[in-house]
Amino acid sequence: MILQYISVSNLNLADDSYRITFAPDLEHLKRSIKSVGIIQPINVRHTPEGTYQIVTGYKRTLVMQELGRQSIPALVHEPNDLSPTQAFLWGLHDNAITRPLNVVEKSIALTKLKQFYSMSEDDLVKQFLPLMDEEPSFKVLHQLLALDSLTEPMKNHVVDSDIALSSASRIAEFTPSTQQELLSVLTHIRPSTNKLNELLALLREISARDGLTIEAILSRYQLLSVVANPASSQSDKVTALRQALKGIRLPQLTERQEHLARLIQNLELPNQAKVTTDPYFENKKMRLEYQFSQPEELDELVKKVQEAFNQQKWQQIFEWYRA
C-alpha cells in the first residue's frame with residue numbers, strides 16, 4: 001500500500017464493484033473540500049488490467065470531479081494485498097460506521113454480499129444487519145433484499161421521502177410498470193407508514209377482487225386527480241385517496257356516505273353551516289361548524305336547528321348514524 005496522488009480521470013467511476021452509496025447529498029462535503037481540501041485519502045485497488053477501482057471515497061471523488069480538481073490523494077492497494085471481498089467489506093464498514101445508511105444502500109450492500117461474495121443468510125442476519133443498525137431477523141433481511149426489485153425512480157423516491165422499510169418492501173412487490181404508475185400518485189402525498197401500507201393493501205385487494213391491474217385501477221377511478229390538487233393539504237390528499245379506495249373496495253361504504261349526505265341536506269341548515277362526520281363511520285361524534293358576522297345570522301342557525309329537532313330530523317340522523 002502506497003500513498004500517491006492519482007489523476008481523477010484515471011478513476012473508473014462507472015465501476016461500482018465496491019460501492020453501496022445511493023443518492024448521496026454532497027453539499028456539506030463539497031463545502032468542506034472547498035475550504036480545507038481532502039482530509040482523508042481515498043482507498044483504491046490497482047487491478048491486474050492497470051485500472052483503479054474505488055474502494056472507499058466515492059463521494060470525495062465525485063466532489064473533486066465536480067470541482068474540476070485534477071488529482072486526489074489515494075492509498076493504492078495491489079490486487080494481492082486486497083482481495084475483492086476484503087475491498088467490499090472495507091467500503092461497507094467505511095460507510096456504515098461513519099453515517100446512517102438509507103434503506104436502498106442497505107439493500108445494495110446485502111444483495112452484493114449474497115450474490116457476489118457468497119455470504120449466507122445466517123451471516124447476513126447475524127453479522128451485517130447489526131452493523132447497519134437493523135434488527136437481526138430474517139424478516140428484515142428479506143424486506144431489504146426485496147428492495148433490489150425497485151425501479152431507479154422509485155428507489156430515489158423511497159430515499160427522498162424517507163419511506164419506511166415495511167412500505168418500501170410492499171412497493172417492491174409490484175411490477176416496474178405498476179411502480180411507475182404508483183410513483184405518479186406517491187409524488188403528490190406524504191402519508192404515514194401505516195396509512196401508506198393501508199393504501200397499498202387496498203390497491204392489492206381491489207386488484208385481486210376485480211381482476212384489474214393497478215394501472216387500470218388508478219386510471220379507471222381517476223385517482224391521480226384525487227391527489228394532484230395543489231390547493232389541498234397533504235393530509236387532505238391522503239384522506240381523500242383513502243376514502244376513494246375504501247369506497248371502491250367497500251361499495252356499501254360509499255352508499256352510507258351518500259345516504260348521510262342526503263339526511264344532512266334534509267336538515268335545511270343555512271348555507272354557511274357544515275355538519276362533518278368521520279367518513280369511515282369509526283368515530284360516532286359529529287361536528288357542526290358555522291361562520292357568521294351578524295347576530296341575525298346566528299339567530300337563523302338556531303331557528304333552523306330547532307326546527308330540525310322539532311321535525312325529528314336530528315333524531316333520524318342520530319339513530320341511523322349510530323346503528
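Throughout, numbering of the chain's residues begins at 1 and tracks the sequence.
- Sequence neighbours left out, the pairs with a member in residues 160-176 that pass salt bridge (Lys or Arg N to Asp or Glu O under 4.0 Å) are E173-R204.
- When the salt bridge (charged side-chain N to carboxylate O under 4.0 Å, His left out) test is applied to R287, the partners found at least two apart in sequence or on another chain are E289.
- Pairs of residues two or more places apart, or lying in two chains, that qualify as side-chain hydrogen bond (donor to acceptor under 3.5 Å, both in side chains) and include a residue from residues 68-84 are N43-H77, H46-E78, S83-Q86.
- Among pairs with a residue in residues 180-199, those fulfilling salt bridge (Lys or Arg N to Asp or Glu O under 4.0 Å) read E198-R242, E198-K246, at least two apart in sequence or across chains.
- Pairs engaging residues 104-116 under the salt bridge (Lys or Arg N to Asp or Glu O under 4.0 Å) rule: R99-E105, K106-E134, K114-E121 [sequence neighbours left out].
- Remark: K303 pairs with D299 by the salt bridge (charged side-chain N to carboxylate O under 4.0 Å, His left out) rule, at least two apart or across chains.
- Residues passing the side-chain hydrogen bond (donor to acceptor under 3.5 Å, both in side chains) test with E49 are T47, sequence neighbours excluded.
- The ring-ring contact (aromatic ring centres under 6.0 Å, His included) analysis of residues 242-264, with sequence neighbours excluded, yields the pairs H259-W320.
- In terms of the salt bridge (charged side-chain N to carboxylate O under 4.0 Å, His left out) criterion, residue partners of E66 (sequence neighbours excluded) are, by chain and number, K30.
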Would you mind writing out the side-chain donor-acceptor pairs for residues 122-130 within the sub-3.5 Å range, not counting sequence neighbours?
| from | atom 1 | to | atom 2 | distance (Å) |
| --- | --- | --- | --- | --- |
| D123 | OD1 | Q127 | NE2 | 3.4 |
| D123 | OD2 | S120 | OG | 3.3 |

Distance-only donor-acceptor pairs under 3.5 Å for side chains of residues 216-226, two or more places apart:
| from | atom 1 | to | atom 2 | distance (Å) |
| --- | --- | --- | --- | --- |
| S225 | OG | Q222 | O | 2.6 |

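- Using a 4.5 Å heavy-atom threshold, the side chains of Y18 and T56 count as separate.
- In this structure, the side-chain hydrogen bond (donor to acceptor under 3.5 Å, both in side chains) partners of D15, at least two apart in sequence or on a different chain, are S17, Q53.
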